[in-house]
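Every value quoted in this text rests on a predicted model; they were computed, and no experiment measured them. We're numbering straight along the sequence, starting at 1. For ligands, and for the atoms within them, numbers begin at 1 and follow the listed sequence.
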Amino acid sequence: MVSTMSIHRRLAVAMLVLTLHGQVHAGGIFGGHEAVPHSRPYMVLLERYMSDGTTKYCGGFLLSEDFVMSAAHCEAKSFTVFLGLHNVHKMTNEVQHITVQQTFPHKDFNISAMTNDVMLLKLSSKAKVNNHVTPIALAGQDNGSLPKSCIVSGWGRTDRKNEMMSPKLMEVNITLIENENCARENAYCSVGETGPRQGDSGGPLVCEGVKAYGVVSSMFPPEPSAQTLYKFAKISDYRGWIISTVKKAVMQI
Ligand SMILES: *[C@@H]1O[C@H](CO)[C@@H](O)[C@H](O)[C@H]1NC(C)=O
Ligand SMILES: *[C@@H]1O[C@H](CO)[C@@H](O)[C@H](O)[C@H]1NC(C)=O
Ligand SMILES: *[C@@H]1O[C@H](CO)[C@@H](O)[C@H](O)[C@H]1NC(C)=O
């Protein structure tokens, strides 16, 4: 298991480097279906402006009027977050777009192991909460059993041939597996061909009704196969970090 994990890690690194260099190898929800419009009002599309001039995308989710959570590997030079969005081709007046004032990637984020892949974003102005824009509650303390009825959603690529983002929010069911390596890395994991792809990074793993249990982090190998292992940063392990980071951010002002 240890040796497969290290191969997995090398592939994860390779995949990330490809993305960082802008050679489109990004992905989206594989094997899912379109979400009912606005049924996931905590979903955020992160438009990322990179230092090389390119624009990339990640998912994220609203924690409060002015904080969004995402993955640390979604860091960029600057961002716009889109809230209340379903179809990117239909940017109605109701879609809110807000810039990011400050980012708080986890200081122990390890890009080669893809551990501690969590980041908080402080918005430059408060989101207007309504039917289409609502924060999501976070999972409570871990009690040792895996959460059930999990779903991930995102605007990432949806099939092998198409390199484009999905214009509409897609979602797919996820069944978590017991895995010691994942638990040691403060992560939940799932396995199989269907799941999130790279454009979905930073989005929430929503389980047990409507609670965020994880953050979409990485998958190995990068091409979807029956053996693909998906990793989600486990939110219950980062509750202390989230609370102290928000407190610090608010005190700075
Ligand atoms: C990051 O992870 C790699 C692979 O597990 C490990 O070898 C390295 O020591 C880690 N780096 C830090 C700074 O912890
Ligand atoms: C433990 O947590 C899981 C997942 O959050 C939940 O489904 C289960 O009901 C909890 N069990 C108890 C005894 O609280
Ligand atoms: C996905 O999960 C939901 C609720 O957890 C369930 O109602 C639905 O039937 C599942 N869909 C598939 C395709 O398994």
Side-chain angles (χ1 to χ4, degrees), residues 1-17 20 28-37 39-43 61 71-73 75 105-119 136-154 158-159 166 168-196 200 203-222 224 226 229-239 241-242:
M1 197 58 211
V2 169
S3 67
T4 17
M5 276 308 274
S6 68
I7 291 165
H8 285 156
R9 278 187 187 133
R10 276 199 292 277
L11 286 165
V13 175
M15 181 176 72
L16 198 76
V17 168
L20 291 173
I29 300 281
F30 267 62
H33 57 268
E34 184 184 345
V36 172
S39 60
R40 307 195 169 277
Y42 46 81
M43 278 303 297
F61 49 104
H73 79 265
E75 181 65 298
H106 197 288
K107 69 169 173 40
D108 296 324
F109 168 51
N110 184 324
I111 200 166
S112 51
M114 293 296 276
T115 48
N116 303 309
D117 192 7
V118 288
M119 174 164 69
I136 188 170
L138 298 179
Q141 298 293 339
D142 182 22
N143 65 13
S145 65
L146 290 175
K148 299 202 181 57
S149 310
C150 299
I151 282 187
V152 292
S153 50
T158 51
D159 68 58
S166 163
K168 293 172 182 168
L169 183 66
M170 304 292 284
E171 63 183 33
V172 69
N173 286 11
I174 297 286
T175 302
L176 299 177
I177 56 160
E178 297 283 357
N179 180 306
E180 276 178 34
N181 289 304
C182 295
R184 206 173 299 129
E185 296 185 343
N186 302 323
Y188 289 123
C189 284
S190 71
V191 70
E193 192 158 11
T194 62
D200 301 313
L205 173 74
V206 176
C207 316
E208 308 275 341
V210 189
K211 277 197 176 148
Y213 275 78
V215 181
V216 177
S217 171
S218 56
M219 73 277 332
F220 353 88
L229 183 75
Y230 303 87
K231 212 160 83 173
F232 308 90
K234 184 173 166 183
I235 285 176
S236 59
D237 290 345
Y238 293 98
R239 284 181 63 89
W241 174 80
I242 293 167

Identity and separation of the nearest protein heavy atom to [atom]:
atom                    : result
atom 7 (O) of ligand 2  : Glu208 OE2, 2.8 Å
atom 5 (O) of ligand 2  : Tyr213 OH, 2.9 Å
atom 10 (C) of ligand 3 : Asn173 ND2, 2.4 Å

Just by modelled atom types, is the Lys234 backbone N or O under 3.5 Å from a matching donor or acceptor in the Asn186 side chain?
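No: the side chain of Asn186 does not pair with the backbone of Lys234.
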Output the list of atoms in ligand 2 that are nearer than 4.0 Å to some heavy atom of Ser145, sorted by atom number.
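Those qualifying, in numeric order: 1 (C), 2 (O), 3 (C), 4 (C).
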Atoms of ligand 1, numbered as shown, that sit under 4.0 Å from any heavy atom of Ser112:
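Result: 1 (C), 2 (O), 3 (C).
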In ligand 1, which numbered atoms sit nearer than 4.0 Å to a non-hydrogen atom of Asn110?
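Counting atoms of ligand 1 from 1, those under 4.0 Å from Asn110 are 1 (C), 2 (O), 3 (C), 8 (C), 10 (C), 11 (N), 12 (C), 14 (O).
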From atom 12 (C) of ligand 2, work out which of Leu146, Asn143, Leu176 has a heavy atom at the shortest distance.
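Among Leu146, Asn143, Leu176, the closest heavy atom to atom 12 (C) of ligand 2 belongs to Asn143.
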Do the side chains of Trp241 and Val118 get nearer than 4.5 Å, heavy atoms only?
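A side-chain contact under 4.5 Å exists here.
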Determine whether Val206 and Phe61 make a side-chain contact, defined as any pair of heavy atoms from C-beta on separated by less than 4.5 Å.
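Val206 does not reach Phe61 side chain to side chain.
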Quick check on atom 14 (O) of ligand 3 - does any protein heavy atom sit closer than 4.0 Å to it?
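It does; a protein heavy atom is within 4.0 Å.
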Passing option when Val152 is tested against Asp200, Val216, Asn173, Val215 for side chain to side chain contact (heavy atoms under 4.5 Å, CB included):
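Going through Asp200, Val216, Asn173, Val215 one by one, the side chain to side chain contact (heavy atoms under 4.5 Å, CB included) with Val152 is satisfied by Val216 alone.
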Return the minimal non-hydrogen interatomic distance between Cys189 and Lys231, and the atom names on each side.
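Between these two residues, the closest heavy atoms are SG-CG, 3.8 Å.
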Closest heavy-atom contact between Lys211 and Leu138?
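Where Lys211 meets Leu138 most closely, the heavy atoms are CD-O, 3.9 Å.
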